[in-house]
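Scroll down for the structure; my scribbles are underneath it.
For the single chain, residues carry numbers from 1 onward in sequence order.
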Amino acid sequence: MEKLYYSYDLFKNDTQILVDKCRDFEPEILLAIARGGVTLSHLMAQALDIRNLFTLNSIHYEKEQKLDTFNIFNIPDLSNAKKVLIIDDIIDSGETMKEILIILNEKFPNVEFKIATLFYKSTALIKPDFSVREANEWIDFFWEVDVK
C-alpha cells in the first residue's frame, strides 16, 4: 500500500487553508473527533479564537484495519449551540462520520453541523463542507508515527 507521510510543515500550511475556508461559517463550538481531529482542532481553535472546543470519541479503525462496528461515545451537550464545526483529520469511507451526524442531528435537531477535514476520499459516503486535500493513498500523520 502506498503511503504519504504527512509532516508538521504540511499540517501547519493546510490548517491555515482550512481555517480560512471555515471562517465565514462562524461556529460557536468546535467538536473534535478523537483521536484524529484533536491535534487539528486545537490549532484551529487557537486560530479562530474559539474556546468552546469539545471532543467526542469514535472508534471504527484499529491502526489500518477497519472494524465491523462503530463505537461513538462521550458526546458533549451541544443543545445551546446554533452552529457547530465538526473536525477530523480525514473522511475515509465516510461511514463513521455518517453515523456521527445521525446521532448528533437526532440529539440536537436545532444545531447546524458542518464538517471540516484535512483529507477526504472522493469515494466517501459523505463529503466534508470544508477540506484541503483529496486522499489517494494511506496517510501517515506525524502525530501517529513520530512518537512511539
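- Side-chain atoms of Ile115 and Tyr120, non-hydrogen and from C-beta on, never get closer than 4.5 Å to each other.
- The neighbour count for Glu134 CD, taken as heavy atoms of other residues, nucleotides or ligands under 6.0 Å away, is above 12.
- By the rule that hydrophobic residues join a cluster once side-chain heavy atoms approach within less than 4.5 Å of another member, Ile17 and Leu30 end up as members of one cluster.
- In this structure, the side chains of Asp89 and Leu40 stay at 4.5 Å or more apart for every pair of heavy atoms.
- Residues Val145 and Ile90 share a hydrophobic cluster, clusters being chains of Ile/Leu/Val/Met/Phe/Trp/Tyr side chains in contact below 4.5 Å.
- Of the N and O atoms on the side chains of Asp14 and Tyr6, at least one donor lies less than 3.5 Å from an acceptor on the other residue.
- Put simply, CG on Leu78 and CG on Leu31 are 6.0 Å apart, with the number rounded to the nearest 0.5 Å.
- The shortest distance between side-chain heavy atoms of Gln46 and His42 falls below 4.5 Å.
- To the nearest 0.5 Å, atom NZ of residue Lys3 and atom CD of residue Glu137 are 11.5 Å apart.
- Environment of CG in Asn74: crowded, with over 12 heavy atoms of neighbouring residues, nucleotides or ligands closer than 6.0 Å.
- Atom CD1 of Ile126 sits about 4.5 Å away from atom CG of Leu101, to the nearest 0.5 Å.
- Using a 4.5 Å cut-off on side-chain heavy atoms (C-beta onward), Val19 and Leu48 make contact.
- Between the side chain of Lys82 and the backbone N or O of Glu112, no donor-acceptor pair lies under 3.5 Å.
- You'll find the side chain of Arg133 stays beyond 4.5 Å of the side chain of Ile139, heavy atoms only.
- Connection of Val132 to Leu43 is established within a shared hydrophobic cluster, with ILVMFWY side chains joined at heavy-atom distances below 4.5 Å, either directly or through further cluster members.
- Tyr5 OH to Glu144 CD: the interatomic distance, rounded to the nearest 0.5 Å, is 11.0 Å.
- Using cut-offs of 30° and 60° for the angle between ring planes, the Phe11 and Tyr8 rings count as tilted.
- Counting heavy-atom neighbours within 6.0 Å of Lys21 NZ, excluding the residue itself, gives a total above 12.
- Across Thr15, Ile50, Thr39, a single residue satisfies side-chain contact (heavy atoms from CB on, under 4.5 Å) together with Met44, and that is Thr15.
- Of all heavy-atom pairs between Phe108 and Pro76, the closest is CZ-O, 3.4 Å.
- Closest approach of Gly37 to Asp88, counting heavy atoms only: N-OD1, 3.3 Å.
- Contact record, Met97 with Ile33: CE-CG1, 4.3 Å, taken as the closest heavy-atom pair.
- Residues Gly36 and Trp143 approach most closely at O-CZ2, 3.7 Å, considering heavy atoms.
- Ile72 and Ile91 end up in the same hydrophobic cluster when Ile, Leu, Val, Met, Phe, Trp and Tyr side chains are linked at under 4.5 Å.
- Linking Ile, Leu, Val, Met, Phe, Trp and Tyr residues whenever their side-chain heavy atoms come within less than 4.5 Å leaves Trp138 and Leu10 in two separate clusters.
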side-chain hydrogen bond (donor to acceptor under 3.5 Å, both in side chains) assessment of Ser7 paired with Asp9: CA-CA 5 Å; Ser7 68; Asp9 287 333; 5.2 Å; no
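- Environment of CZ in Arg35: sparse, with no more than 12 heavy atoms of neighbouring residues, nucleotides or ligands closer than 6.0 Å.
- In this structure, Val84 and Leu104 have side chains that are not in contact, with every pair of non-hydrogen atoms separated by 4.5 Å or more.
- Note that the NZ atom of Lys12 and the CZ atom of Phe142 stand 11.0 Å from one another [nearest 0.5 Å].
- Asp92 and Ala124 make their closest contact through O-CB, 3.3 Å (heavy atoms, listed as atom of the first residue, atom of the second, distance).
- Heavy atoms only, all atoms of each residue included: Lys127 and Ser122 are closest at NZ-O, 2.6 Å.
- Going from atom CZ of Phe130 over to atom OG1 of Thr117 covers 11.0 Å, rounded to the nearest 0.5 Å.
- Val38 places a side-chain heavy atom less than 4.5 Å from the side chain of Thr55.
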